[in-house]
S.K.: 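Pasting in a structure now, in structure tokens, and then I'll have a few things to ask.
Just so we're clear, the structure is a prediction, and the values are computed from it rather than from any experiment.
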Amino acid sequence: METFLQSLVDIVAGLFGGDPARPKPPQNLPPGLPPGPTSPRVTDPTEPQDSSELRPEDHVLITHENEAPRITDGPEFDPVPAPPPARDTDGPPEQPGPTPSPVPNSPEYRSRYLWCIDNGHGALSPGKRSPVLEDGRQLFEWEFNRDVTSRIMAKLEQVGAAYFEVTPEVQIGNFLQERVRRANELSSALPKLFVSVHGNAGPAPDMQSFTGDNVRGIETWHYYGSTTGRKMAAVFQRHLINQTGLRNRHLRSKVSGQFYVLRATRMPAILTENGFYNNRFELPLMLTPAFRQQVADAHVAAILEIDRDGL
């Protein structure tokens with residue numbers, strides 16, 4: 001009888017809200033809006049930053065549409081800064097470095113947003129390197145990220161777009177909490193958008209082994225439930241595929257275990273994964289200045305389009 005009653009309770013719970021032990025995924029609300037009845041964001045600084053490090057319990061959603069319809073009947077952002085979130089007190093905080101100043105836009109260019117350009121890992125991040133090629137060449141992700149973002153920022157400065165270099169330091173690790181703090185606490189009259197630039201790595205037995213030949217291409221991540229973040233990701237993904245010609249791995253988001261820089265930033269945020277540095281075909285390409293410039297040009301084209309048309 002107890003088994004029958006428990007089964008009946010489980011069926012009723014499923015009809016009126018699903019599994020009560022599994023919280024609904026949080027929504028990435030625009031600044032200024034009160035939080036809804038969602039579970040709080042987790043601020044674990046050890047969150048993996050590459051899609052190759054997904055845990056089995058994470059649910060990854062892959063969106064195959066090229067671009068979501070634009071919303072034109074109201075403002076997408078509130079430029080008034082939101083109250084700061086609760087600080088993470090689990091573990092010692094990372095030591096902050098000097099906070100750089102945003103680069104002002106020139107009078108010839110009308111910036112709609114302030115772009116927070118994030119170059120991901122530092123030189124002290126463990127791993128994050130490719131197998132060594134026969135000619136001795138090897139890719140370090142921190143160097144790839146910084147080369148691409150430096151090319152992005154050079155072009156943004158040239159046209160006069162407003163941007164902010166989140167982490168100019170090199171001798172750091174993942175620096176997760178500080179990177180997010182700098183973007184969140186940056187004062188700006190313009191609404192802010194966050195772009196994190198990365199190289200990807202597929203599953204492999206060790207760092208000196210290549211991933212499968214079919215694990216290749218470009219993908220763009222956005223925060224689960226963020227309509228604005230998804231639109232933003234779609235523009236970047238389209239330009240990246242058009243510029244590089246690499247395989248389209250589409251837009252991606254995780255229901256649980258969200259990337260820290262996507263879930264802890266108080267602004268629309270995306271993370272681009274620009275090729276697999278442990279793929280035997282894409283590694284030599286990612287080591288070339290020409291490919292890195294293509295990736296940078298694609299980011300700039302997306303930024304200029306969104307600055308022009310909005311989200």
Side-chain angles (χ1 to χ4, degrees), residues 67 70 76-77 79 97-123 139-170 172 179 182-183 186-199 218 220 228-229 231-246 261 265 267-275 285-311:
E67 187 171 356
R70 296 188 184 276
E76 281 290 321
F77 306 106
T99 303
S101 300
V103 177
N105 57 311
S106 69
E108 292 81 14
Y109 186 89
R110 188 177 183 85
S111 291
R112 188 188 294 258
Y113 307 106
L114 176 63
W115 294 88
C116 297
I117 307 298
D118 175 55
N119 50 29
H121 314 286
L139 184 145
F140 293 86
E141 191 190 346
W142 69 266
E143 187 274 331
F144 173 83
N145 298 350
R146 277 166 170 71
D147 189 7
V148 171
T149 55
S150 67
R151 295 168 186 267
I152 293 171
M153 292 183 292
K155 286 216 167 186
L156 293 182
E157 189 162 2
Q158 183 179 0
V159 301
Y163 72 90
F164 170 68
E165 184 179 11
V166 175
T167 313
E169 300 93 335
V170 173
I172 55 173
R179 284 155 55 197
R182 290 179 182 183
L186 176 66
S187 178
S188 172
L190 296 172
K192 296 177 288 187
L193 299 175
F194 188 93
V195 179
S196 190
V197 178
H198 291 257
I218 289 177
T220 302
T228 303
K231 293 177 186 176
M232 181 177 163
V235 177
F236 278 82
Q237 180 72 6
R238 171 164 49 81
H239 281 286
L240 283 165
I241 297 304
N242 290 344
Q243 285 276 358
T244 66
L246 294 190
V261 296
T265 44
M267 66 204 74
I270 64 166
L271 186 150
T272 62
E273 296 277 20
N274 302 282
L285 189 65
M286 295 173 70
L287 287 166
T288 65
F291 175 78
R292 296 178 179 195
Q293 191 62 53
Q294 285 180 326
V295 172
D297 289 344
H299 282 76
V300 171
I303 288 171
L304 297 185
E305 177 180 327
I306 293 172
D307 251 1
R308 182 189 69 233
D309 299 338
L311 285 168

S.K.: Looking at every heavy atom in both S196 and R179, which two are closest together, and how far apart are they?
M.R.: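 It is OG-NH2, 3.9 Å.
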S.K.: Would you say that N145 contacts H198 through its side chain, given a criterion of any heavy-atom pair below 4.5 Å between the two side chains?
M.R.: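 In contact.
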S.K.: If every non-hydrogen atom of A301 is compared with every non-hydrogen atom of H239, which pair is closest and at what distance?
M.R.: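 Smallest heavy-atom distance, with atoms named: CB-ND1, 3.5 Å.
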S.K.: Is the shortest heavy-atom distance from the side chain of V235 to the side chain of R238 under 4.5 Å?
M.R.: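 Yes, their side chains come closer than 4.5 Å.
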S.K.: Please report the closest heavy-atom contact between V197 and H299, naming both atoms and the distance.
M.R.: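 Closest approach of V197 to H299, heavy atoms only: CG2-NE2, 3.8 Å.
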S.K.: Looking at every heavy atom in both E273 and G199, which two are closest together, and how far apart are they?
M.R.: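 Smallest interatomic distance, heavy atoms only, reads OE1-O, 3.1 Å.
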S.K.: Check for a donor-acceptor pair, side chain of R146 on one end and backbone N or O of E169 on the other, with a separation under 3.5 Å.
M.R.: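 Checked: pair present.
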S.K.: L246: what forms a side-chain contact (heavy atoms from CB on, under 4.5 Å) with it, not counting sequence neighbours?
M.R.: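 Applying side-chain contact (heavy atoms from CB on, under 4.5 Å) to L246 gives I218, T244, E282, L285, F291.
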S.K.: So do H121 and F140 actually touch side chain to side chain, heavy atoms under 4.5 Å?
M.R.: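 No. Closest side-chain heavy atoms not under 4.5 Å.
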S.K.: Measure across Q243 and A298 and return the closest heavy-atom pair with its distance rounded to 0.1 Å.
M.R.: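 Between these two residues, the closest heavy atoms are CG-CB, 3.6 Å.
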S.K.: State, yes or no, whether a side-chain contact exists between I270 and V195 at a heavy-atom distance under 4.5 Å.
M.R.: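 A side-chain contact under 4.5 Å exists here.
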S.K.: Using a 4.5 Å cut-off on heavy atoms from C-beta on, say whether the side chain of V295 contacts that of L240.
M.R.: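 They are in contact (side-chain heavy atoms under 4.5 Å apart), so the answer is yes.
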S.K.: Measure the shortest side-chain to side-chain distance between Y113 and L311 over non-hydrogen atoms and say whether it is less than 4.5 angstrom.
M.R.: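 Of all side-chain heavy-atom pairs linking L311 with Y113, at least one is under 4.5 Å.
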S.K.: Tell me, please, which residues at least two apart from W115 pass side chain to side chain donor-acceptor pair (under 3.5 Å).
M.R.: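 Applying side chain to side chain donor-acceptor pair (under 3.5 Å) to W115 gives D307.
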S.K.: Determine whether F236 and I303 make a side-chain contact, defined as any pair of heavy atoms from C-beta on separated by less than 4.5 Å.
M.R.: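 Yes; the side chains approach each other to less than 4.5 Å.
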S.K.: Between CD of E143 and CG of D147, what distance do you get to the nearest 0.5 Å?
M.R.: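 One finds 5.5 Å between CD of E143 and CG of D147.
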S.K.: Using modelled atom types and a 3.5 Å cut-off, is there a donor and acceptor pairing between side-chain atoms of S111 and backbone atoms of A162?
M.R.: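 Present.
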S.K.: Between P168 and R182, which heavy-atom pair has the shortest distance, and what is it?
M.R.: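 Here P168 and R182 meet closest at CD-NH1, 3.8 Å.
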S.K.: Quick one: does any side-chain atom of T272 pair with a main-chain N or O of N274 as donor and acceptor, under 3.5 Å?
M.R.: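 Between the backbone of N274 and the side chain of T272 there is no qualifying donor-acceptor contact (under 3.5 Å).
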S.K.: Is any side-chain heavy atom of R292 closer than 4.5 Å to one of V148?
M.R.: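 V148 vs R292: side chains touch.
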S.K.: When you measure from the side chain of K155 to the backbone N and O of A296, does any donor-acceptor pair fall under 3.5 Å?
M.R.: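 It does not hold such a pair.
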